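We name chains A, B, ... by the order of the sequence lines, and we start the count at 1 in each one. Source: prediction; values computed, not measured.
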Number of protein chains: 2
Amino acid sequence: MNQNVFDDPRITAVGLLVEAHAGLSARFAAQFEEHGLSPVEFEVLTRLARSPGNQLRMTDLAAQTSLSTSGVTRVVDRMERDGLLCRRACPSDRRSSYAVVTTAGLQRLDQTLPGHLRIIEQWFTGQLEPEELRAVLDGLRRVRDAVHPGATAGSTEPVPEEDARS
Amino acid sequence: MNQNVFDDPRITAVGLLVEAHAGLSARFAAQFEEHGLSPVEFEVLTRLARSPGNQLRMTDLAAQTSLSTSGVTRVVDRMERDGLLCRRACPSDRRSSYAVVTTAGLQRLDQTLPGHLRIIEQWFTGQLEPEELRAVLDGLRRVRDAVHPGATAGSTEPVPEEDARS
DNA sequence: CGAGGAATATTGCCATGGCTATAGTTGCTC
DNA sequence: GAGCAACTATAGCCATGGCAATATTCCTCG
């Protein structure tokens, strides 16, 4: 068996990306937990808080998170039970319902965000010189745009079908 | 509520990292599935295949993957049932047992790896100029070393305790 | 208008995996 | 050697979340 396949620079590159991500996620999760939030709940809270009216239809919330629509149903169940958000019927479409952040939810987010930003700075952005950071982010943006169809509003271009990198 | 918190460059930076990782993971998972593997199973297979004797104690396997020891027990259960690996009693310590990759497991990995490498190149490394890629990897290495204690054998230095909290 | 198909949220069923308790083993200390 | 703490793998119980089925509601086309 070809042992040195694992020394392939591509494997190494992915390993770095995965481990950097995993390490940061673990730090985030620990801090979220201090504020009684799971990573998914924090994600939901931020997505709602940055949406007009602090609300989003269940479907749209699912599209903006890592969850399926049924997953969103359940997270919203839990968070509604905890008073972080509530459901609101959509007046124009009786199939839809909104998830709306409550005041308590916004407060919780406010409590969590400063520490979150501190962690990012301490363990990610602050570890790099400004121009290094810019280089990393430029690279990640290119990867993201290639591999994550429809991630940003800006990239409406079709997903590149081949390895073409202009 | 402070809406423009979400325009904070730190939030943006993490968002890029997370989405690049998520996009790549999704592509990987799709290709693994073509070969009848889950992401965790692929991880286990590679960890074992790159270990001396194609084997690892359950505990060590857990330490090298994203799983707890009980998680490893179950993945190994499934993979043993599928014939990808088998358990072997440790002769020197009757508490321990090894997970050993079978020939079928190595074959499965051989079938999967070329496509995996192609995906990495097509959607990650190949999207960047060589010097861009090097810059990204250098940055990720720094982040990884900071945030992921004990990730590599090379970085024995203690985790920076530069702290600022509480 | 009415029928059929698409969209929306939810629920049932299931796989995955973490935490904790447990049983077996080892090694250290007295 | 006996006792005890640490280690190792596993099983029980539970939370999370995906997929598919389901019930509503909406929309389009005839």
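Residue-to-nucleotide proximity on DNA chain D shows that, of B/V76 and A/P91, the 5′-proximal contact is made by B/V76.
At least one side-chain heavy atom of A/T46 sits under 4.5 Å from a side-chain heavy atom of B/F6.
Between the side chains of B/S97 and B/R87, no donor N or O sits under 3.5 Å from an acceptor N or O.
Of the possible polar contacts, one joining the B/T102 side chain to the B/G83 backbone as a donor-acceptor pair under 3.5 Å is found. Of the possible donor and acceptor atoms, one in the side chain of A/Q127 sits under 3.5 Å from a partner among the backbone N and O of A/Q122.
Here the C1' atom of nucleotide D/dA11 and the CG atom of B/D77 are 10 Å apart, to the nearest Å. A/R95 places its CZ atom 16 Å from the P atom of C/dG5, with the value rounded to the nearest Å. Nucleotide D/dT24 holds its C1' atom 10 Å from the CG atom of A/D93, rounded to whole Å. Protein atom CG of B/D60 is 12 Å distant from nucleotide atom C1' of D/dC7, rounded to whole Å. If you take CZ of B/R57 and P of C/dT25, they are 16 Å apart, rounded to a whole angstrom.
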Could you run down the sub-3.5 Å N/O contacts of the protein with nucleotides 15-19 of chain C?
{"unit_1": "C/dG17", "atom_1": "OP2", "unit_2": "B/R78", "atom_2": "NH2", "d": "2.6"}
{"unit_1": "C/dG18", "atom_1": "OP1", "unit_2": "B/S66", "atom_2": "O", "d": "3.2"}
{"unit_1": "C/dG18", "atom_1": "OP2", "unit_2": "B/S68", "atom_2": "N", "d": "2.9"}
{"unit_1": "C/dG18", "atom_1": "OP2", "unit_2": "B/S68", "atom_2": "OG", "d": "2.7"}
{"unit_1": "C/dG18", "atom_1": "O6", "unit_2": "B/R74", "atom_2": "NH1", "d": "2.9"}
{"unit_1": "C/dG18", "atom_1": "O6", "unit_2": "B/R74", "atom_2": "NH2", "d": "3.4"}
{"unit_1": "C/dC19", "atom_1": "N4", "unit_2": "B/S70", "atom_2": "OG", "d": "2.8"}

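Between B/F42 and B/H116, the angle of the ring planes lies from 30° to 60°, which puts this pair in the tilted group.
Counting any heavy atom pair closer than 4.0 Å across all strands shown, A/T73 reaches a base atom.
Relative to the side chain of A/R87, the nucleotides C/dT10, D/dT24, C/dT26 differ in distance, and C/dT10 lies closest.
Contact annotation: A/R94 side-chain N/O to D/dT25 OP1/OP2 distance is under 4.0 Å.
A/Q111 CD: more than 12 foreign heavy atoms inside a 6.0 Å radius.
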